[in-house]
There are 2 protein chains.
Amino acid sequence: MSTRKRESTGFLIKQRAFLKLYIITNIENRRWYGLQLLDEMKKEFGPFGFEPQHSEIYRALHDLLEDGILTRGKIKKNGSKYQEVAVYTIKDQEKAKTYKKMVKADLDRCSHLLRKALEDNYA
Amino acid sequence: MSTRKRESTGFLIKQRAFLKLYIITNIENRRWYGLQLLDEMKKEFGPFGFEPQHSEIYRALHDLLEDGILTRGKIKKNGSKYQEVAVYTIKDQEKAKTYKKMVKADLDRCSHLLRKALEDNYA
DNA sequence: TAATGAACACTCTGTTCATCC
DNA sequence: GGATGAACAGAGTGTTCATTA
């Protein structure tokens with residue numbers, strides 16, 4: 001049952017990394033909880049035909065916790081109900097910065113790849 | 001054991017479509033066989049960190065046959081050996097055009113999505 | 001050894017289910 | 001019904017194996 005590593009062929013960036021990037025930026029500005037972030041993303045990307053799922057947002061958040069980039073607290077949600085929600089804040093600003101820098105390099109790369117495809121195939 | 005359909009959330013274009021696009025364009029210009037195309041793609045995309053696998057090229061070619069866009073012939077390869085290789089030509093120019101148009105729309109969309117990410121997260 | 005193709009296996013992520021307010 | 005999380009399952013594609021010239 002040994003699990004062999006798979007190499008990446010380096011095509012385009014993964015959804016997970018893309019969402020993690022946006023989550024970090026959003027949380028730098030204010031506190032959010034999971035479903036808020038989902039709504040925000042759907043609103044942002046909807047016009048571009050991209051509608052992420054709630055589970056992928058949670059997976060991204062859990063990744064960021066494991067990475068040590070975010071930390072989580074529980075607060076009572078505003079309003080008549082006293083439901084607790086999980087809100088996130090930046091835990092390690094340096095790590096966040098490093099992650100964003102890495103993703104930027106990949107976004108640039110992908111961007112070039114797409115531009116190249118448009119040039120090469122639609123002369 | 002009913003197979004449920006999965007919806008796409010519409011993130012980025014798939015490698016398969018990307019390769020099919022390039023294959024069509026290459027074959028519009030001259031005849032190619034599978035491994036030639038692979039070498040060409042590796043040379044083209046290598047500087048961008050993308051190195052497709054041979055099996056994905058073949059899958060793309062088989063798709064294009066099924067789509068009715070390409071047709072396949074066998075020829076004796078040049079050189080001292082008389083090995084047969086499978087060379088492809090455009091079968092239906094209209095279908096090819098339609099496919100390329102569709103992919104262009106998706107590439108444009110993806111391109112905008114990436115540009116947006118660069119703007120939104122790296123002010 | 002080059003070329004083609006298919007089987008196998010892993011990753012990513014969409015879908016569904018379970019809890020708890 | 002909103003929020004969170006985990007289990008389950010399918011699509012996409014990387015890896016390996018088989019075949020033939």
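Everything quoted here is computed from the prediction, not taken from an experiment. Here is the naming used below: chain letters follow the sequence lines, and residue numbers restart at 1 for every chain.
Spacing between atom CD of Gln36(B) and atom C1' of dT4(C) amounts to 14 Å, rounded to whole angstrom units. Atom CG of Leu38(B) and atom P of dA2(C) are 13 Å apart (whole Å). Atom CZ in Phe11(A) sits roughly 16 Å away from atom P in dC12(C) (whole-Å rounding). Atom pair Arg6(B):CZ and dG12(D):P shows a separation of 9 Å (rounding to whole Å applied).
Of the candidates dG14(D), dG5(D), dG5(C), the closest approach to any side-chain atom of Tyr88(A) belongs to dG5(D). Comparing atom distances between the Arg72(A) side chain and each of dG5(D), dA9(C), dA2(C) picks out dG5(D) as nearest.
The side chain to side chain donor-acceptor pair (under 3.5 Å) contacts involving residues 88-98 of chain B comprise nothing, where partners must be two or more places apart or lie in separate chains.
The stretch residues 53-67 of chain A touches DNA chain C through Gln53(A), His54(A), Ser55(A), Glu56(A), Arg59(A), each having a heavy atom under 4.0 angstrom from the strand. Contacts of residues 12-29 of chain B with DNA chain C (heavy atom under 4.0 Å): none.
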Exercise. Check the pair Lys42(A), Asp39(A) against salt bridge (charged side-chain N to carboxylate O under 4.0 Å, His left out), reporting the backbone distance first and the verdict last.
Key: CA-CA 5 Å; Lys42(A) 284 189 173 173; Asp39(A) 287 346; 5.9 Å; no
Quiz item: Passes side chain to side chain contact (heavy atoms under 4.5 Å, CB included), Val85(A) versus Trp32(A)? Steps please.
Solution: CA-CA 9 Å; Val85(A) 296; Trp32(A) 297 81; over 6 Å; no
Using a 3.5 Å cut-off and no angle test, enumerate the donor-acceptor pairs between side-chain atoms of residues 44-51 of chain B and protein atoms at least two apart in sequence or in another chain.
from, atom 1, to, atom 2, distance (Å)
Glu44(B), OE1, Lys116(A), NZ, 2.6

Could you pull out all donor-acceptor pairs under 3.5 Å where a side-chain atom in residues 16-24 of chain B meets a protein atom, sequence neighbours excluded?
from, atom 1, to, atom 2, distance (Å)
Arg16(B), NE, Glu56(B), OE2, 2.6
Arg16(B), NH1, Asp63(B), OD2, 3.4
Lys20(B), NZ, Asp67(B), OD2, 2.8
Tyr22(B), OH, Asp120(A), OD2, 2.6

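Remark: side-chain polar atoms of Arg59(B) are not paired, donor with acceptor, to backbone N or O of His54(B) under 3.5 angstrom.
Taking the side chain to side chain contact (heavy atoms under 4.5 Å, CB included) definition, one finds that Lys104(A) meets it with Asp108(A), Leu118(B), Tyr122(B), sequence neighbours left out.
As judged by a 4.0 angstrom heavy-atom cut-off over every strand, Phe50(B) is placed among residues making no nucleic acid contact.
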